[in-house]
Amino acid sequence: MAIQFLAAERLFKLDTPNTTYIIGVVDDEGYLGHVYYGAKITEGCGLGYLLRTGEAPFVPSKNQREKSSFLDFFPTEYPTGGIGDYRASALEVRNEDGFTACQLQYKSYEILEGKDGIDGLPATFGANDIAQTLRIYCVDPVLQLEVVLQYGVFEDVDVITRNVIIRNKGTKALYLEKVLSACVDMDMENYEMLTLHGSWARERHIQRNKLVRGRQAVGSFRGESGHQEHPFFALVTPETTQEQGQVYAMHFIYSGNFIAQAEVNQFESVRMEMGIHPQGFCWKLNSEEVFSSPEVVLTYSNSGLDQMTNTFHDLYRNHLIRSPYLHKERPILINNWEATYFDFNSEKLLAIAKEAKKVGIEMLVMDDGWFGKRSSDDSSLGDWQVNEEKLQGGLHKLVREVKDIGLKFGIWFEPEMISPDSDLYRAHPDWAIAIPGRVATQSRSQFVLDLSRPEVIEYTYEQVAKILRSVAVDYVKWDMNRQLCDLGSVSLEADRMGELSHRYVLGVYQLQERLVTEFPDLLLENCSGGGARFDPGMLYYSPQIWCSDDTDAIERLQIQEGTALIYPLSTMGAHVSDCPNHSVGRVTPFKTRGDVALAGTFGYELDITRIPEADRAMISEQTAQYHKYHGLIREGTYYRISSWRSNGFYDCYMVVGKDQKEALVTYVQVLGQANVHTRKIKLKGLDPDADYVLEGTNQIYKGEWLMTAGFLVDKLWGDFKSMLYHFVQ
Ligand code: GLA
């Protein structure tokens, strides 16, 4: 029983394998309070005292004159605004008369077997024997509003999911001005806040700062999750490392505007919240209409970051990603973007394909520039007709020739966009998101299509689908290269304009849902100027996402470390590119580039007809290595051993098979040092009693030695050098 209602104590107890989450109902008052979240509590439950309702100022029924003091201190399960709790609220509602307060009372609950998705939104799912759902029904009788707090509880992974479903039970419209999906009020324990920060080509760098009194938030109101901040944060106790310390983490299954916030208040309690960013958001809810918020994933670990990481990896592999490719080897691809940029034709692509085939590459991906009159990023988005000057004889001919060579074929689209210089824009200028009368801001010479409009969604879908119906495409890279502003839609009424950003995201989800339904065998890879929309929402549709436009192996160490902190390696698009690297100008050995890219969905992003012969020769080895290790990398347990960002010299991580029979250690010496002895690293996750052979040697090690005493890595000469160590039982 993952979920219990303990009637005598009026407590809801939610249990995962190693954690417990408890919610209490305050008698008479109907307040819902957060009692406990942390390590598993096995015995019954008398923990209601943690709500501190016996302490002054006491619940309002005993002390009405201090109601505000009570609300401002009570650990509220889902706080609402305007009634005297001055901490950050989760829900703000305005009625037609302009009044804004909302107060929820507990009404009833139901426990359901299994964990379903959410209509129109990506969400985790679980079968009846592995998951349960709790719905707590609350009402505000004045607003005639019903709020259902929904919790998913998994029995195979330490995760609680949360979202809310809001229904207007009255006759007049209500305006939802803020709807967050989750809130947890806890006592402050000297926490630090861990977030993933970035920029274009520098995504998801790990950042950790002390939490101080007041509000600390990361967020996006760019219309997508974004390069800059990530819809994830964790509160960790100061001693937290990979192996020890307490970690409370939240991750948002959503691809649009978000806020992730911690507030430390006057009583040394901390409120953790996550949901759609309230800036610019306002959703009109007519009588009997329903609004569902996206889902937040919550996890707790009392043994450091490794455990948090593995919880997220297992959750996403087992309960979120639906693609048939999830547990399959992905074809090794070669993408022509860094090879040619816009300057290509069929002949050039076929030359790349022929060379690629010889060294074990399995798919050619034709990137940006094959449509309209696009020979730079100044035009043609929206005009998805093949440019026959570049692809002489058309797409059919090219695809047939690529297949004759023996490769699969993939293609790039940026379906959500419209260039001012396009036939589509000339025909439908009002299809671009813009504010009438104001010159809309261009970014990369493009506007964003108004996906709040059904006819725009329909057109956009048909543009992509018509091509996929006409030629045998195996893979689509779905890109999104600018963020939203000038938030105006000619089809939304004035009091619905605040819905645009969320409706846009719902439109993207609708498009991708249709795509994977009509083309179930298609391998879809999402992308957004590199990794600006690398989030769990997109993983519901595509099993892999392009991690970053920065393909430099050394830069990638940090980007992939931050990404792998919460995402399975099987989701990270990682390619070997040419040197000097196009983003940073660095020259690294071809081997290192291959070893680093191996930690993701492997591929190449270079002109194979022009790279040095020695590099080309190494590709056959690398493609064979991918086939050998990808099963382990895709399905295994990932451990971070040490980070270059903190030790200054080397990076090391490993993957261990779930059965502990084999492990692959990746070691990168970022900077060489003079006059040092061999470096010792301690491995993790092995069977301590098993004997492991280091492949390529006769050396046998006990799992216990490798983990407790350590392993000596080879002395490497020079910067940017790497080694792979494969241990097998
Ligand atoms: C984005 C992607 C790149 C490439 C270009 C094409 O930046 O991240 O990989 O597809 O767009 O314009």
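Counting convention: from 1, in listed order, for ligands and their atoms alike. Please read these numbers as outputs of a predicted model, since none were measured by experiment.
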(request) Using a strict cut-off of less than 4.0 Å between a Lys/Arg side-chain nitrogen and an Asp/Glu carboxylate oxygen, indicate whether K408 and E362 qualify as a salt bridge. (result)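 No.
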(message) Just to verify, what does F221 make a side-chain contact (heavy atoms from CB on, under 4.5 Å) with, not counting sequence neighbours?
(response)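 F221 satisfies side-chain contact (heavy atoms from CB on, under 4.5 Å) with N257, H277, Q279 once adjacent residues are dropped.
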(message) Test of understanding: with side-chain contact (heavy atoms from CB on, under 4.5 Å), list the residues that count as partners of V584, not counting sequence neighbours.
(response)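 Partners of V584 by the side-chain contact (heavy atoms from CB on, under 4.5 Å) criterion, ordered by chain and then number, come out as D550, D552, E555, N581, R586.
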Donor-acceptor pairs under 3.5 Å, side chain of residues 394-403 to any protein atom, not counting sequence neighbours: which ones?
from: H396; atom 1: NE2; to: S470; atom 2: O; distance (Å): 3.0
from: K403; atom 1: NZ; to: A472; atom 2: O; distance (Å): 2.7
from: K403; atom 1: NZ; to: D474; atom 2: OD2; distance (Å): 2.8

Anything under 3.5 Å between an N or O on ligand 1 and a protein N or O? List each pair with its distance, or write none.
from: ligand 1; atom 1: 7 (O); to: D549; atom 2: OD2; distance (Å): 2.8
from: ligand 1; atom 1: 8 (O); to: G530; atom 2: N; distance (Å): 2.8
from: ligand 1; atom 1: 8 (O); to: D549; atom 2: OD1; distance (Å): 2.5
from: ligand 1; atom 1: 8 (O); to: D549; atom 2: OD2; distance (Å): 3.2
from: ligand 1; atom 1: 9 (O); to: K477; atom 2: NZ; distance (Å): 2.7
from: ligand 1; atom 1: 9 (O); to: D549; atom 2: OD1; distance (Å): 3.4
from: ligand 1; atom 1: 10 (O); to: D367; atom 2: OD1; distance (Å): 2.6
from: ligand 1; atom 1: 10 (O); to: D367; atom 2: OD2; distance (Å): 3.3
from: ligand 1; atom 1: 10 (O); to: W412; atom 2: NE1; distance (Å): 3.1
from: ligand 1; atom 1: 10 (O); to: K477; atom 2: NZ; distance (Å): 3.0
from: ligand 1; atom 1: 10 (O); to: D479; atom 2: OD2; distance (Å): 3.3
from: ligand 1; atom 1: 11 (O); to: D479; atom 2: OD2; distance (Å): 2.9
from: ligand 1; atom 1: 11 (O); to: N481; atom 2: ND2; distance (Å): 3.0
from: ligand 1; atom 1: 12 (O); to: D368; atom 2: OD2; distance (Å): 2.6
from: ligand 1; atom 1: 12 (O); to: R444; atom 2: NH1; distance (Å): 2.9
from: ligand 1; atom 1: 12 (O); to: R444; atom 2: NH2; distance (Å): 3.0

(message) Between Q228 and E203, do the side chains contain a donor N or O and an acceptor N or O under 3.5 Å apart?
(response)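 Side-chain D/A pair, E203 to Q228: absent.
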(request) Over 60° means perpendicular and under 30° means parallel, so classify the ring planes of W370 and F413, tilted if in between. (result)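 Perpendicular.
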